[in-house]
Amino acid sequence: MKTVFLDRDGVINRNLENDYVTSWSEFEFIPKSLDAIRLLTHTGYQLIVVTNQACINKGILSLENLKIIHRKMLSEIQNVGGRISAIYHCPHRDDEDCACRKPKAGMLLRAAAEHKIDPDNTYLIGDSERDIRAGNEFGACSLLVLTGNGHKSDLINRASDNAPNQSHRVFADFHAAAEWIVSSCATVRGS
């Protein structure tokens with residue numbers, strides 16, 4: 001099945017400046033991200049969220065509160081006609097050196113095993129070099145968005161022409177990336 005992996009913070013919802021989203025009241029959808037989810041859902045893509053959430057192991061956010069945030073996020077997405085098939089999160093800090101924390105591809109590999117995903121039919125949309133590296137390691141077509149931390153990334157200059165042989169492509173936001181996937185995926189993935 002055609003699959004799009006999505007980072008959460010900075011792609012679907014706004015990053016908080018120098019802080020973590022620890023409650024639903026702090027969660028704010030980025031403009032047009034709900035439209036992007038609906039577009040991909042309606043054109044037959046399976047959407048899976050893969051998100052680093054070190055705030056759990058740092059003691060800033062409980063697993064229960066993360067589940068509440070995700071339940072409410074999924075409800076809002078369903079209300080607009082979108083669908084997220086699964087959410088994978090990594091609770092580990094950088095110093096724990098786990099296999100699931102992006103830039104490693106552990107969450108994507110787990111999702112692929114559980115959902116029978118072929119890397120050749122996948123995309124990853126993220127706002128950081130960690131996301132892009134995880135997508136590339138998995139074998140996905142990786143797309144960097146300039147929302148969230150994307151506008152600060154030095155990856156912008158390394159893909160400025162969006163040439164087909166680049167390790168990633170750059171888009172203004174999730175919605176622009178989703179439109180590109182829907183309009184040109186067959187020719188790009190086949191090359």
Side-chain angles (χ1 to χ4, degrees), residues 1 3-24 26-30 33 36-37 40 45-77 82-119 121-145 147-150 152-155 167-168 174 177:
M1 175 175 236
T3 301
V4 179
F5 289 108
L6 302 170
D7 179 45
R8 194 193 79 180
D9 301 329
V11 175
I12 297 173
N13 61 283
R14 293 190 188 279
N15 281 334
L16 295 181
E17 193 65 36
N18 300 317
D19 208 356
Y20 296 100
V21 174
T22 59
S23 69
W24 180 247
E26 297 171 336
F27 189 99
E28 180 184 350
F29 285 100
I30 292 174
S33 66
I37 291 170
L40 290 170
Y45 287 87
Q46 170 178 239
L47 305 178
I48 296 178
V49 173
V50 287
T51 179
N52 286 348
Q53 293 294 321
C55 51
I56 293 172
N57 280 13
K58 288 180 179 180
I60 298 168
L61 175 66
S62 70
L63 183 56
E64 186 54 40
N65 282 341
L66 179 67
K67 289 178 182 178
I68 290 169
I69 292 168
H70 285 166
R71 238 185 341 262
K72 291 183 178 191
M73 177 186 79
L74 292 174
S75 177
E76 293 291 321
I77 289 168
R83 183 172 187 276
I84 301 290
S85 297
I87 300 174
Y88 293 85
H89 74 275
C90 171
H92 303 107
R93 302 179 312 268
D94 278 329
D95 64 319
E96 293 179 273
D97 195 33
C98 70
C100 58
R101 184 170 175 78
K102 294 177 288 181
K104 295 179 182 172
M107 286 186 282
L108 287 76
L109 292 167
R110 182 174 161 211
E114 293 176 2
H115 296 273
K116 297 178 176 47
I117 296 168
D118 174 6
N121 287 315
T122 63
Y123 295 85
L124 178 132
I125 301 174
D127 73 320
S128 73
E129 186 166 354
R130 286 177 181 265
D131 299 323
I132 300 308
R133 286 175 52 201
N136 290 346
E137 182 179 320
F138 178 74
C141 177
S142 299
L143 312 177
L144 177 73
V145 293
T147 50
N149 293 317
K152 298 185 246 180
S153 175
D154 67 344
L155 290 175
S167 67
H168 63 281
F174 176 19

Once you round to the nearest 0.5 Å, how far does [atom1] of [X] lie from [atom2] of [Y]?
X      : Y      : atom1 : atom2 : value
Tyr45  : Thr122 : OH    : OG1   : 11.0 Å
Ser23  : Leu66  : OG    : CG    : 12.0 Å
Leu108 : Ile48  : CG    : CD1   : 8.5 Å
Ile125 : Leu143 : CD1   : CG    : 5.5 Å
Cys141 : Asn136 : SG    : CG    : 8.5 Å
Cys90  : Asn52  : SG    : CG    : 5.5 Å

Salt bridge (Lys or Arg N to Asp or Glu O under 4.0 Å) contacts in which one or both residues fall within residues 100-112, not counting sequence neighbours: Asp7-Lys102, Asp94-Arg101, Asp97-Lys104, Lys102-Asp131, Arg110-Glu114
Is there a side-chain contact between [X] and [Y] in this structure, where contact means two heavy atoms from C-beta onward sitting under 4.5 Å apart?
X      : Y     : answer
Asn13  : Glu28 : no
Val11  : Ile30 : no
Leu124 : Val4  : no

The criterion is side chain to side chain contact (heavy atoms under 4.5 Å, CB included); which residues satisfy it with [X], sequence neighbours excluded?
X     : value
Leu74 : Ile84, Ile87
Ala36 : Phe174, His175, Ala178
Asn57 : Pro91, His92, Arg93, Glu96
Ala99 : none

Any donor-acceptor N/O pair, Glu26 side chain to Thr22 backbone, under 3.5 Å: yes
N/O donor-acceptor pair under 3.5 Å between Thr147 side chain and Gly10 backbone: yes
side-chain contact (heavy atoms from CB on, under 4.5 Å) between Leu6 and Ile12, worked out: CA-CA 8 Å; Leu6 302 170; Ile12 297 173; 4.1 Å; yes
Stepwise side-chain hydrogen bond (donor to acceptor under 3.5 Å, both in side chains) test for Ser62 and Glu64: CA-CA 5 Å; Ser62 70; Glu64 186 54 40; over 6 Å; no
Residues that Phe138 engages under ring-ring contact (aromatic ring centres under 6.0 Å, His included), provided they are two or more places apart: Phe5
Considering all heavy atoms, the nearest Ala140-Tyr123 contact: CB-C, 4.0 Å
Qualifying side chain to side chain donor-acceptor pair (under 3.5 Å) pairs, either residue in residues 67-76, two or more places apart: Arg8-His70
Trace of the side-chain contact (heavy atoms from CB on, under 4.5 Å) decision for Asp9 with Arg14: CA-CA 6 Å; Asp9 301 329; Arg14 293 190 188 279; over 6 Å; no
Those residues that, when tested against Thr3, pass side chain to side chain donor-acceptor pair (under 3.5 Å) (two or more places apart): Gln46
Sequence-distant partners of Asn15, side chain to side chain donor-acceptor pair (under 3.5 Å), two or more places apart: Asp127
Derivation of the side-chain contact (heavy atoms from CB on, under 4.5 Å) call for His89 and Leu63: CA-CA 10 Å; His89 74 275; Leu63 183 56; 3.6 Å; yes
Aromatic ring pairing Phe27/Phe29, orientation class (parallel under 30°, perpendicular over 60°, tilted between): perpendicular
